[in-house]
Trainee: 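This is the structure I want to talk about, given as structure tokens.
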Amino acid sequence: MAKEITDRSENYSQWYNDIVRKAGLAEHSAVRGCMVIKPTGFAIWEKIQSQLDSMFKETGHINAYFPLFIPKSFLSKEAEHVEGFAKECAVVTHHRLMNNPDGPGVVVDPSAKLEEELIVRPTSETIIWNTYKDWIKSYRDLPILINQWANVVRWEMRTRPFLRTAEFLWQEGHTAHATKAEAIEEAQQMHEVYARFAEDYMAMPVIKGAKSANERFAGALETYTIEALMQDGKALQAGTSHFLGQNFAKAFEVKYLDNNNKEQFVWATSWGVSTRLIGALVMTHSDDDGLVLPPKLAPLQVVIVPIPKPNGVILEHAEKIVAELKAKGISVKIDRDKKNRPGFKFAEYEMKGVPVRIGLGMRDIENNQVEIARRDTKEKTNVPMDGCADYVAKLLDEIQDNLFQRAKAYRDDHITEVDSYDAFKEALEQKGGFIKAHWDGTTETELKIKDETKATLRCIPEDDGGEGKCIVTGNPSKQKVIFAKAY
RNA sequence: AGGGGUGUAGCGCAGUCCGGUUAGCGCACUUGGUUUGGGACCAAGGGGUCGUAGGUUCGAAUCCUAUCACCCCUACCA
């Protein structure tokens with residue numbers, strides 16, 4: 001029994017790193033802060049992409065692509081925006097290399113200095129709004145509902161695979177609207193889409209809400225967030241949708257003529273989720289034996305393991321099952337390896353998070369049955385070979401549902417409502433997770449709490465519990481809000 | 001960014017303090033054989049500029065300097 005993954009209780013961070021590596025999701029690259037997303041990890045991203053993309057299309061959005069490089073001057077145009085990102089940007093200063101005159105290798109050609117430096121996009125609001133300026137003249141040009149799938153770079157000091165890397169993949173939607181109400185509605189709609197995706201596909205329960213002024217996206221008037229809870233009791237912001245008001249329209253002079261022939265500034269939104277979702281997926285469902293994936297996002301849903309090894313008779317039966325499963329749109333493969341023994345393979349597929357494993361040996365064939373093991377509970381059942389594809393199809397749905405219910409039970413169990421600052425601190429210390437408390441609405445109080453407890457205001461949820469008194473200042477509070485230590 | 005730690009074969013490590021033949025071990029890999037319903041065993045092999053660059057020395061994985069990367073804990077962020 002070779003244990004390859006550190007237990008969560010022993011070292012949670014190490015557990016996470018072990019899973020990312022042992023399940024083949026990603027590995028460190030030669031470039032500081034940048035990871036190689038390996039085929040399995042990327043296949044999960046492709047699943048996420050394709051589902052989200054179709055949800056974006058359903059809500060009327062189309063894809064486009066804007067440049068990786070942004071002229072430095074663009075970032076100076078929206079004061080708050082630049083404040084939020086300037087410190088962590090990669091800057092391109094030259095456009096040519098030359099042979100090193102003093103030795104081997106190449107050096108930057110000093111004569112190839114750019115007149116204006118280019119910033120590697122940390123997000124694309126500026127280059128996109130600079131473009132929209134030319135696209136929008138009339139109310140008839142609105143709305144513009146564009147999304148782009150892209151990579152972005154934020155020069156983070158400390159990085160962790162998927163959760164925080166210098167370069168990451170994401171999608172960013174950027175929409176332009178004639179009215180404030182329409183833009184707000186758009187931001188809320190995409191917030192809803194993210195929540196639905198998280199719960200229905202990732203099987204990850206989220207709390208929906210708005211960010212406080214302090215936690216808002218730089219340049220936004222309102223930021224909507226979905227907040228998930230990881231198994232170590234820390235919150236993870238999984239997707240944000242921003243109502244940007246007219247800040248970018250004003251900075252880039254994006255105006256349109258309304259039907260009264262009057263010039264108006266355009267209203268904007270932006271919204272995004274990133275490869276961080278893969279980190280969220282890992283930390284929501286996985287256990288000490290390895291990765292656990294919800295069937296809807298698992299690159300491989302079923303594996304058939306011939307026991308003890310493949311032979312003609314076993315493979316013949318296995319192929320039949322494969323055909324039946326594929327007919328149902330289920331992804332499946334037969335393990336044709338002859339070297340390793342079943343026990344090794346079982347452990348291996350569990351580590352890699354394949355939701356369902358079918359064991360098939362001569363004994364099964366004699367009894368006209370297969371052994372079906374589910375990854376989420378590790379239960380094994382013998383089921384009749386005839387109709388086993390139906391059983392598997394139902395089981396995949398059941399696993400998807402069970403993962404959500406399990407995560408939700410954990411999450412709900414880790415929402416603590418408190419009415420005093422002492423209780424707040426105690427809950428945070430003893431239990432972690434989300435803490436629901438009255439807050440007076442001031443940044444000052446929020447920062448005091450953060451400073452004293454390390455907990456941040458995650459969101460102001462939609463379902464408020466009514467008015468009360470702030471746990472810190474005793475001042476009137478409109479509703480309870482959610483605090484947590486966060487990633 | 002602050003504190004702590006680690007870089008020796010794909011992975012995990014010993015050797016470093018106290019310099020000295022040809023740099024070892026376990027797993028993984030290759031080949032052959034025996035096995036086979038929860039991480040098999042035996043045997044024979046392959047794989048290393050000891051993170052990188054300088055320096056000290058007759059001689060450096062080992063000492064010195066610089067540098068890079070990664071991990072853990074804080075701080076910051078998607």
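Note that the structure is predicted; figures quoted are calculated from it, not measured. Sequence lines set the chain letters: A, B, ... in the order given, protein chains first and strands last, and positions in each chain run from 1.
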Trainee: Looking at B:G37, B:C70, B:G38, which one has an atom nearest to any side-chain atom of A:Arg341?
Mentor: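 The answer is B:G37.
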Trainee: If only side-chain N and O atoms of A:Asn17 are considered, is one of them under 4.0 Å from the OP1 or OP2 phosphate oxygen of B:C72?
Mentor: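 Indeed, a polar side-chain atom of A:Asn17 lies that close.
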Trainee: What interatomic distance, in whole Å, is found between P of B:C25 and the corresponding atom of B:G48?
Mentor: 15 Å
Trainee: With sugar-phosphate meaning primed atoms plus P, OP1 and OP2, does A:Leu236 contact a base, only sugar-phosphate, or nothing at under 4.0 Å between heavy atoms?
Mentor: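 A:Leu236: no heavy atom of the nucleic acid under 4.0 Å.
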Trainee: Pick the nucleotide of RNA chain B nearest each of A:Glu348 and A:Arg21; which residue has the one closer to the 5' end?
Mentor: A:Arg21
Trainee: Does a distance-only test, which skips hydrogens and angles, find a donor-acceptor pair under 3.5 Å between the side chain of A:Arg154 and the base of B:C77?
Mentor: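 No.
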Trainee: Using the P atom on both, measure B:A23 against B:U67 and round to a whole Å.
Mentor: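 Looking at atom P only, B:A23 and B:U67 are 31 Å apart.
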Trainee: Whether A:Arg357 engages the ring of A:Phe346 as a cation-pi pair (distance to the six-membered ring centre under 6.0 angstrom, angle to the ring normal within 45°) should be assessed.
Mentor: yes
Trainee: According to the Watson-Crick and G-U wobble definitions, with both distances under 3.5 Å, which nucleotide is paired to B:C13?
Mentor: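 WC or wobble partner is B:G24.
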Trainee: Got more than 12 heavy atoms from elsewhere within 6.0 Å of NZ, A:Lys296?
Mentor: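 Result for NZ/A:Lys296: enclosed.
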Trainee: Taking the same atom, P, in B:C73 and in B:G32, what whole-Å distance lies between them?
Mentor: 47 Å
Trainee: Just how far, in rounded Å, is P of B:A40 from NZ of A:Lys338?
Mentor: 19 Å
Trainee: Round to a whole Å and report the spacing from CZ of A:Phe344 to P of B:G37.
Mentor: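 It works out to 15 Å between those atoms.
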Trainee: Answer yes or no: does atom NZ of A:Lys309 have more than 12 heavy-atom neighbours from other residues, nucleotides or ligands under 6.0 Å?
Mentor: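 For A:Lys309, atom NZ is crowded (more than 12 foreign heavy atoms under 6.0 Å).
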Trainee: Rounded off to whole Å, could you give me the OH-to-C1' distance for the A:Tyr224 and B:A78 pair?
Mentor: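 Roughly 19 Å, once rounded to whole Å.
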Trainee: Of the nucleotides B:C71, B:G38, B:C76, which has the atom closest to the A:Phe346 side chain?
Mentor: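 My answer, after comparing the listed nucleotides, is B:G38.
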Trainee: What nucleotide, of B:G38, B:U36, B:A78, holds the atom closest to the side chain of A:Pro308?
Mentor: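 From the listed options, B:U36 comes nearest.
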Trainee: How is A:Lys22 classified with respect to the nucleic acid when contacts are heavy atoms under 4.0 Å: base, sugar-phosphate, or nothing?
Mentor: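 Contact class for A:Lys22: none.
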Trainee: Specify the separation, in whole Å, of atom CH2 of A:Trp155 and atom P of B:C77.
Mentor: 20 Å
Trainee: Between atom CD in A:Glu27 and atom P in B:C71, what is the gap in whole Å?
Mentor: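 Spelled out: CD on A:Glu27 to P on B:C71 is 13 Å.
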Trainee: Base, sugar-phosphate alone, or nothing: which one does A:Gln171 contact when heavy atoms must sit under 4.0 Å apart?
Mentor: nothing
Trainee: Just checking A:Lys380: base, sugar-phosphate only, or nothing, at a heavy-atom cut-off of under 4.0 Å?
Mentor: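 Answer is base: heavy atoms of A:Lys380 come under 4.0 Å of a base.
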Trainee: Using atom C1' in both nucleotides, what's the gap between B:A9 and B:G26 to the nearest angstrom?
Mentor: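 Roughly 13 Å separates the two C1' atoms.
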Trainee: Please evaluate the base of B:G38 for a donor-acceptor partner in the side chain of A:Glu371 within a cut-off of under 3.5 Å?
Mentor: no
Trainee: Compare the minimum distances between each of B:C77, B:U36, B:U30 and the side chain of A:Lys339, then state the nucleotide with the smallest one.
Mentor: B:U30
Trainee: Mind checking if A:Thr165 touches a base, just sugar-phosphate, or nothing, with heavy atoms under 4.0 Å?
Mentor: base
Trainee: Taking a pair as Watson-Crick or G-U wobble with both distances under 3.5 Å, which nucleotide is matched to B:U6?
Mentor: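 Here B:U6 is engaged in a pair, and the nucleotide opposite it is B:A69.
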Trainee: Paired with B:U31 by Watson-Crick or G-U wobble geometry, both distances under 3.5 Å: which nucleotide is it?
Mentor: B:A43
Trainee: Say you pick atom P in B:G10 and the same atom in B:U49; how far apart are they, in whole Å?
Mentor: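 Their P atoms lie roughly 8 Å apart.
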Trainee: Distance check, P atoms only: B:U30 and B:G15, in whole angstrom units.
Mentor: 31 Å
Trainee: Could you measure between the two C1' atoms, the one in B:A28 and the one in B:A69, and give it in whole Å?
Mentor: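 Those two atoms are separated by 24 Å.
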Trainee: Report the nucleotide, chosen from B:A40, B:C73, B:A78, that has the shortest atom-to-atom distance to any side-chain atom of A:Ser13.
Mentor: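 Ranking B:A40, B:C73, B:A78 by closest atom to the A:Ser13 side chain puts B:C73 first.
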Trainee: With distance as the sole criterion, do the side chain of A:Asp364 and the base of B:G37 form a donor-acceptor contact below 3.5 Å?
Mentor: yes
Trainee: What is the distance from CH2 of A:Trp15 to P of B:C72, rounded to the nearest Å?
Mentor: 13 Å
Trainee: Which part of the nucleic acid, if any, lies within reach of A:Glu156 when heavy atoms closer than 4.0 Å are counted: base, sugar-phosphate only, or nothing?
Mentor: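 The answer is base, as A:Glu156 lies within the cut-off (heavy atoms under 4.0 Å) of a base atom.
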Trainee: Where the side chain of A:Lys450 is concerned, which of B:G38, B:G37, B:C77 is the nearest nucleotide?
Mentor: B:C77
Trainee: Do A:Arg336 and A:Glu319 meet the salt-bridge criterion of a basic N to acidic O distance under 4.0 Å?
Mentor: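 Judged by the 4.0 Å cut-off on N to carboxylate O distance, A:Glu319 and A:Arg336 do form a salt bridge.
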Trainee: Does the distance from a Lys or Arg side-chain N to an Asp or Glu carboxylate O, for A:Arg406 and A:Asp376, drop under 4.0 Å?
Mentor: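 A salt bridge is absent here (no side-chain N lies under 4.0 Å from a carboxylate O).
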Trainee: Measure from the side-chain heavy atoms of A:Lys309 and tell me the nearest of B:G38, B:U36, B:G12.
Mentor: B:U36
Trainee: May I have the distance from A:His191 (atom NE2) to B:A78 (atom C1'), rounded to whole angstrom?
Mentor: 15 Å
Trainee: Does a salt bridge link A:Arg411 with A:Glu227, judged by any charged N lying under 4.0 Å from a carboxylate O?
Mentor: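 Looking at A:Glu227 together with A:Arg411, the answer is no, because their closest N to O distance does not fall below 4.0 Å.
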Trainee: How close or far is atom P of B:G37 from atom CG of A:Asn340, stated in whole angstroms?
Mentor: 13 Å
Trainee: Check whether more than 12 heavy atoms from other residues, nucleotides or ligands sit under 6.0 Å from atom CD of A:Glu185, and answer yes or no.
Mentor: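 Counting neighbours around CD of A:Glu185, 12 or fewer heavy atoms of other residues, nucleotides or ligands fall under 6.0 Å, so no.
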Trainee: Measure from the side-chain heavy atoms of A:Arg357 and tell me the nearest of B:G38, B:C71, B:U36.
Mentor: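 So the nucleotide nearest the side chain must be B:G38.
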Trainee: What contact category does A:Gly33 fall into here, base, sugar-phosphate, or nothing, at under 4.0 angstrom with non-hydrogen atoms?
Mentor: sugar-phosphate
Trainee: Charged N to carboxylate O below 4.0 Å: is that the case for A:Lys378 and A:Asp289?
Mentor: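 Between A:Asp289 and A:Lys378 there is a salt bridge, with a charged N closer than 4.0 Å to a carboxylate O.
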Trainee: Can you tell me the pairing partner of B:U62 across any strand shown, Watson-Crick or G-U wobble, with both distances under 3.5 angstrom?
Mentor: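 In the structure as shown, B:U62 has no Watson-Crick or wobble partner.
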Trainee: Provide the distance between the two C1' atoms, one in B:U8 and one in B:A44, to the nearest whole Å.
Mentor: 26 Å
